[in-house]
Number of protein chains: 2
Amino acid sequence: MVEESQPTPGTVRPGGRTARVRAAVLRAAEDALVEHGFAGLDLGDIAQRAGVGRTTVYRRWGGTSALVADLLADMAEQSLPRTRSGSLAEDLRANARLVQRTLADPRQGGLFRAVIVAANCDTGAAQALRRFYEARVAEWAPCVAEAVERGELPAGTDPAEVVRAVSAPLYYRMLTTADPLDEAAADRAAAAAGAAARAGAYCR
Amino acid sequence: MVEESQPTPGTVRPGGRTARVRAAVLRAAEDALVEHGFAGLDLGDIAQRAGVGRTTVYRRWGGTSALVADLLADMAEQSLPRTRSGSLAEDLRANARLVQRTLADPRQGGLFRAVIVAANCDTGAAQALRRFYEARVAEWAPCVAEAVERGELPAGTDPAEVVRAVSAPLYYRMLTTADPLDEAAADRAAAAAGAAARAGAYCR
DNA sequence: CGGTTAACGGGACAGTCGTTCCGTTAGGAT
DNA sequence: ATCCTAACGGAACGACTGTCCCGTTAACCG
């Protein structure tokens with residue numbers, strides 16, 4: 001018998017029960033994360049909430065970080081498509097408000113905090129987080145690129161950098177202050193990013 | 001005998017041995033943090049490095065989060081004073097580069113990641129973190145206020161918001177991407193904040 | 001519809017983490 | 001210099017986390 005690295009559990013028979021277990025565990029993990037945060041995650045508790053054996057969770061994910069990473073990948077698939085308004089200022093504001101609403105929501109906001117924490121504890125989770133933001137940026141970059149084509153922004157402006165500039169102040173505020181994330185903050189972030197972009201601050 | 005909440009250990013006799021123990025433990029915690037990150041913190045290991053009993057660490061700090069919070073408070077005392085150049089653009093750039101150098105430094109950068117993680121696990125650490133940033137913002141806000149007085153920025157500009165706008169993209173980049181934090185990123189952050197401020201994006 | 005085996009579930013096990021107890025050391029006051 | 005006790009250190013203890021083993025269930029294939 002040859003000693004081979006067998007495939008990860010859940011990949012050979014992904015249908016039926018396996019899928020149900022994964023969904024139940026991810027949902028339970030989300031609940032637990034919102035309630036206790038990443039530090040207070042208890043895989044035994046999650047298994048119980050999901051109506052699943054502890055062993056199963058350990059076998060399929062192996063730890064809290066990988067579980068959160070999987071949760072993040074699941075979230076990435078359900079991310080909302082961007083709106084198209086035709087105006088850069090409108091687009092940036094829509095993006096900012098989407099981020100603001102997400103982070104201000106008790107459930108999703110707590111989830112994002114937890115995921116950021118996990119990314120700083122586990123390289124797998126960090127990779128998943130980067131993938132998630134790459135996808136988000138790629139979703140919204142076109143509206144900036146179109147603004148460049150229309151001549152609203154200087155040629156050579158880096159679209160991704162502008163999109164990140166919208167989110168950055170909102171995340172920074174969430175992490176370092178106790179102030180609530182309101183719409184005013186979102187609109188300010190969008191306006192600031194737009195003004196800086198027009199001034200050529202994001203030219204390569 | 002009255003049942004009173006006795007003072008925290010270390011406050012009644014803060015001199016001599018107590019101070020030495022605190023310094024040794026904080027230094028050891030810093031080392032451990034750089035090596036294993038926040039998730040891999042082991043109080044037993046820290047105690048051994050510091051040449052101190054495990055019990056002492058648990059008694060005085062009670063957990064990893066509070067220890068990191070204390071470490072942060074210690075750092076806050078040693079924070080560098082701002083420079084004064086007389087030009088807004090120069091001041092913002094100096095601030096941005098200071099933040100960039102701090103976060104890019106393996107030792108301090110790891111520490112800041114850890115502290116942000118701790119702040120999401122423990123309310124005491126969160127308070128310490130907020131205090132730290134309030135102090136930092138208060139240190140740098142005057143240079144923006146002076147620029148407003150000189151007429152470089154529109155009246156009604158919120159100095160604190162401008163200072164935070166400089167740091168935000170750097171933290172966001174550190175947390176969500178794998179790209180290194182270089183001087184170019186710092187200069188871009190400073191330029192963007194300055195441009196947005198001149199455009200009146202941070203008016204109350 | 002029946003067989004094969006991937007995946008699950010429960011229980012037992014070992015290692016670790018944080019706490020408690022109590023004797024010892026040394027800071028601060030007289 | 002001497003006393004008092006805050007603070008430290010070592011050891012034992014209990015709880016919990018993650019792993020292993022093996023019997024059971026149900027997904028996929030012919």
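Here is how names work: the chains are called A, B, and so on, in the same order as the sequence lines, proteins then strands, and each is numbered from 1.
- Separating the CD atom of Gln48(A) from the C1' atom of dG9(C) is a distance of 13 Å, rounded to the nearest angstrom.
- A straight line from CG of Leu67(B) to C1' of dG18(C) spans 15 Å, rounded to a whole angstrom.
- With rounding to the nearest 0.5 Å, the separation of CZ in Arg198(A) from CG in Leu153(A) is 7.5 Å.
- Within 6.0 Å of CZ in Arg150(B) there are more than 12 heavy atoms belonging to other residues, nucleotides or ligands.
- Distances were taken from every side-chain heavy atom of Thr55(A) (C-beta onward) to each of dA11(D), dC20(D), dC8(D); the shortest belongs to dC20(D).
- For CD of Gln48(B), the number of neighbouring non-hydrogen atoms (other residues, nucleotides, ligands) closer than 6.0 Å is 12 at most.
- Along DNA chain C, the nucleotide closest to Gly62(B) and the one closest to Arg22(A) are compared, and the more 5′ of them pairs with Arg22(A).
- Atom pair Leu43(A):CG and dG9(C):C1' shows a separation of 16 Å (rounding to whole Å applied).
- Using a 4.5 Å cut-off on side-chain heavy atoms (C-beta onward), Phe38(B) and Asn120(A) make no contact.
- Within the nucleic acid shown, Arg20(B) comes within 4.0 Å of sugar-phosphate atoms alone, with no base atom in reach, counting heavy atoms only.
- Using cut-offs of 30° and 60° for the angle between ring planes, the Tyr171(B) and Phe112(B) rings count as perpendicular.
- Dashed line: the shortest gap from a side-chain N or O of Tyr58(B) to OP1 or OP2 of dT19(C) is not under 4.0 Å.
- Side-chain proximity of Arg17(B) to the nucleotides dT25(C), dT25(D), dG18(D) is greatest for dT25(C).
- Checking the phosphate oxygens (OP1, OP2) of dC8(C), a side-chain nitrogen or oxygen of Arg60(A) falls inside 4.0 Å.
- One can place CG of Leu41(B) at 15 Å from C1' of dG18(C), the figure rounded to the nearest angstrom.
- Between Gly51(B) and Gly44(A), the residue whose closest nucleotide on DNA chain D is further toward the 5' end is Gly51(B).
- Nearest to the side-chain atoms of Thr18(A) among the listed nucleotides dC20(D), dA7(C), dG18(C) stands dA7(C).
- We find that CG of Asp42(A) is positioned 19 Å from P of dT16(C), with the value rounded to whole Å.
- Whole-Å rounding puts the Arg54(B) CZ to dA11(D) P distance at 10 Å.
- Taking atom CG of Asp45(B) as the reference point, atom P of dG18(C) lies 12 Å away to the nearest angstrom.
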